[in-house]
Amino acid sequence: MVAVQETVDQVRQIDVDQYKYGFVTDIESDRAPKGLSEDIVRFISAKKNEPEWMLEWRLDAYRRWLTMTEPTWSRVQYPKIDFDELYYYSAPKSTPGPKSLDEVDPELLAMYEKLGIPLREREILAGVEGASDRRVAVDAVFDSVSVVTTFKEELKKAGVIFCAISEAIREHPEIVKKYLGSVVPVTDNYYATLNSAVFSDGSFVYIPEGVRCPMELSTYFRINERNTGQFERTLIIAEKGAHVSYLEGCTAPMRDENQLHAAVVELVALEDAEIKYSTVQNWYPGDKDGKGGIYNFVTKRGDCRGDRSKISWTQVETGSAITWKYPSCILRGDDSQGEFYSIAVSNGYQQVDSGTKMIHLGKNTKSRIISKGIAAGRSDNTYRGLVSAHRKASGARNFTNCDSLLIGDKCGAHTVPYIESKNASAVFEHEATTSKIADDQLFYCLQRGLSSEEAVALIVNGFVKDVIQQLPMEFAVEAQKLISISLEGSVG
Amino acid sequence: MLEIKNLHASIDGKEILRGVDLVVPTGEVHAIMGPNGSGKSTLSYVLSGRDGYDVTEGEILFDGNDIVEMPAEERASAGVFLAFQYPLEIPGVATMTFLKAALNAQRKARGEAELTTPDFMRRVKVASEKLNVSQEMLRRPLNVGFSGGEKKRNEILQMALLEPKLAILDETDSGLDIDALRVVSEGVNALRSPGRSMLVITHYQRLLDHIVPDKVHVMSAGRIVRTGGPELALELEAKGYADYADEPV
Ligand SMILES: Nc1ncnc2c1ncn2[C@@H]1O[C@H](COP(=O)(O)OP(=O)(O)OP(=O)(O)O)[C@@H](O)[C@H]1O
Ligand SMILES: [Mg+2]
């Protein structure tokens with residue numbers, strides 16, 4: 001049919017090169033020598049002025065990593081990564097920790113401005129006042145180091161610690177020691193172990209007992225340097241009754257070669273605490289022929305350690321050549337709750353294998369999974385999820401809804417749910433649908449005067465609405481735009 | 001307004017329209033009747049520019065210009081509206097949102113300013129009250145879970161808002177109960193104007209009791225085989241299409 005043929009032709013021409021965050025910033029950097037060895041681990045640790053215990057922790061991880069092999073169970077396919085061809089540390093030269101924004105390389109500030117991320121508190125305040133009283137504190141991570149964290153003073157007044165993890169290791173070792181690796185153990189998986197050995201920077205958040213964090217916290221990650229792996233490590237702890245909402249955003253320049261991103265994120269929620277973690281991931285997806293792009297191999301896990309605690313993951317995944325991630329919740333505390341809201345968009349040659357794990361350990365624990373996968377071009381989009389109830393998890397409940405939307409006929413969507421229940425009182429519900437933007441649906445929109453781009457954006461926005469609503473308001477609009485941009489050129 | 005000359009169209013190599021000739025002058029309302037499968041819906045799709053149909057011969061003059069090559073969305077903005085026989089559902093998109101997107105897309109294409117939200121809301125309120133469409137329905141996703149009659153009313157609501165020059169109504173009466181038929185017909189009649197033409201496709205005379213046409217055409221096997229006044233519909237109601245049994249499509 002003509003319509004189908006046109007879609008096919010369009011898909012062939014998809015120009016993922018329009019990636020709008022693809023500029024490279026010209027900044028002098030301080031890099032570790034190429035490759036991975038104990039010396040490199042020591043080099044990174046020394047660069048960060050880390051205490052001895054941290055170095056030992058890293059070396060232990062490195063030695064264990066040497067004994068492990070790369071996992072192959074996901075649906076994604078990629079050439080073998082040569083870990084000796086990567087750089088494991090890169091920092092903008094001007095930074096052995098800038099004291100204030102004035103000390104930050106102006107090129108860097110300009111770059112963040114280009115990305116639309118405000119780092120100047122004064123300007124944020126000026127811009128936001130009147131319009132809304134919601135402010136966002138930002139931690140910006142450039143290649144391997146955190147370059148600036150805003151609103152630190154104000155957060156400190158509330159007792160909240162929000163800083164680079166490298167700083168937390170130096171300034172708050174007792175908290176870091178207690179929690180680092182307690183949710184994602186050093187040997188959890190190949191990439192998590194690698195991360196434990198060479199992690200460079202990331203954010204640290206500590207919300208003390210009973211405190212509701214006075215503003216949205218946000219970290220922006222950017223990989224700039226060629227051939228550099230970014231191994232960020234984020235640790236968020238919400239003490240009893242504490243509340244926090246955190247958002248991470250990610251971009252990278254266009255590069256011919258693939259860059260590796262292997263992060264570990266650990267969340268700990270104690271009694272009655274609540275953590276809301278949102279991600280807008282827009283790493284470079286590669287060009288129209290599938291060349292370049294980020295390999296995004298991430299381990300994210302939250303531990304609902306206390307009774308009645310709650311952890312909620314929301315993710316909008318539009319970038320990366322390969323995405324391989326399963327933000328998960330361990331529902332340990334009685335009456336604890338886990339949520340996973342996901343939008344995964346793939347176009348061009350992108351491959352996504354993502355989902356979640358909800359591990360019900362405590363009594364009357366609840367979890368909810370809403371996943372929306374959108375596949376266009378020649379991409380492959382897999383939802384993989386595990387819901388399990390252990391023997392003692394009486395009254396565990398899960399509701400899962402996985403919807404896939406296909407645009408064109410060269411892409412694929414797959415749903416791989418695993419359900420395990422060792423407690424007879426557990427109630428798990430699973431719904432899944434796969435639909436296609438139908439020619440007649442598109443024609444209906446065109447007949448009303450919408451262009452095909454507008455029609456696809458409208459249909460897709462309707463499809464992802466339930467998840468978009470979960471995002472903090474200021475990011476919802478951004479996320480919607482991002483989704484539209486990612487799908488540009490996917491239909492005639 | 002609309003002049004169709006010797007229109008031949010096929011889909012997947014199968015000829016469905018086999019030389020349609022039809023003239024609808026500005027301001028007139030014409031009805032098309034005809035047996036199932038005679039090509040009425042196909043004609044409405046070809047007129048509104050749906051993909052997948054090959055026009056192999058003939059022309060469609062709209063305001064004097066041949067629109068055969070014009071993309072569907074441009075025809076829409078130029079004033080061609082089709083009320084679908086089977087309106088489509090768009091999950092997650094509020095009816096109101098869809099109406100606004102459509103109206104503003106057409107205005108933009110015509111170089112007019114987009115409507116402000118209050119201005120738009122006012123127009124929707126006026127039009128929806130006339131058609132008995134509730135505010136609650138406008139907040140629901142477009143056509144999702146709407147009853148057959150609600151979908152049809154929603155089509156006419158869109159027509160009222162988009163103010164087309166040529167409205168093609170494909171079996172808008174099917175699925176309507178007696179009261180809804182009256183409401184919809186009144187809505188359509190209110191939209192009759194000297195500058196607007198309508199092509200009303202129907203199987204039943206009772207719709208034409210409400211919307212009295214200037215002319216009635218009979219379509220059979222991809223052609224207009226007879227044209228007459230409103231009385232022709234009564235005759236068809238009595239005798240059926242036996243007289244027009246052309247060679248099957
Ligand atoms: N995509 C298609 N491929 C093949 N044949 C088609 C296609 N679409 C329509 N047809 C055929 O074209 C003919 C005309 O169909 P159309 O829907 O235009 O009839 P209609 O007059 O609207 O009928 P009804 O009164 O039942 O609505 C039918 O025989 C139908 O089967
Ligand atoms: Mg029909």
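Quick caveat: nothing in here was measured; it's all calculated off a predicted structure. Each chain gets a letter, A, B and so on, in the order the sequences are listed, and its residues count up from 1.
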Using non-hydrogen atoms only, which part of Gln441(A) is less than 4.5 Å away from chain B: side chain, backbone, both, or neither? both
Region of Leu142(B) in contact with chain A, defined by heavy-atom distances below 4.5 Å: side chain
Give, as side chain, backbone, both or neither, the part of Pro87(B) having an atom under 4.5 angstrom from any heavy atom of chain A. both
Measure across Leu450(A) and Ala101(B) and return the closest heavy-atom pair with its distance rounded to 0.1 Å. CD2-O, 3.5 Å
Look only at the side chain of Gln447(A) and the backbone of Glu73(B), and say whether a donor-acceptor pair between them is shorter than 3.5 Å. no
Side chain, backbone, both or neither of Ile90(B) within contact of chain A (heavy atoms, under 4.5 Å): both
Which bit of Glu74(B) comes within less than 4.5 Å of chain A, counting heavy atoms only: side chain, backbone, both or neither? neither
Does some side-chain heavy atom of Phe98(B) sit less than 4.5 Å from a side-chain heavy atom of Tyr444(A)? yes
What part of Ala72(B) gets within 4.5 angstrom of chain A, counting heavy atoms only: side chain, backbone, both, or neither? both
Going by the angle between their ring planes, with limits at 30° and 60°, are Phe443(A) and Tyr45(B) parallel, tilted or perpendicular? perpendicular
Are more than 12 heavy atoms from other residues, nucleotides or ligands located less than 6.0 Å from atom NZ of Lys357(A)? no
Return the minimal non-hydrogen interatomic distance between Ala76(B) and Gly449(A), and the atom names on each side. CB-N, 3.6 Å
Please round to the nearest 0.5 Å and tell me the distance separating atom CG of Asp51(B) and atom CG of Leu442(A). 9.0 Å
Under 4.5 Å from any heavy atom of chain A, what part of Arg75(B) do you find: side chain, backbone, both or neither? neither
Counting heavy atoms not belonging to Arg397(A), are there more than 12 under 6.0 Å from its CZ? no
If you take all heavy atoms of Leu458(A) and Val93(B), which pair is closest and at what distance? O-CG2, 3.2 Å
Greatest number of non-hydrogen atom pairs under 4.5 angstrom with chain A, of Pro141(B), Pro91(B), Pro71(B), falls to Pro91(B)
Using only atom types and a distance under 3.5 Å, with no angle test, would you say the side chain of Gln106(B) pairs donor to acceptor with the backbone of Arg448(A)? yes
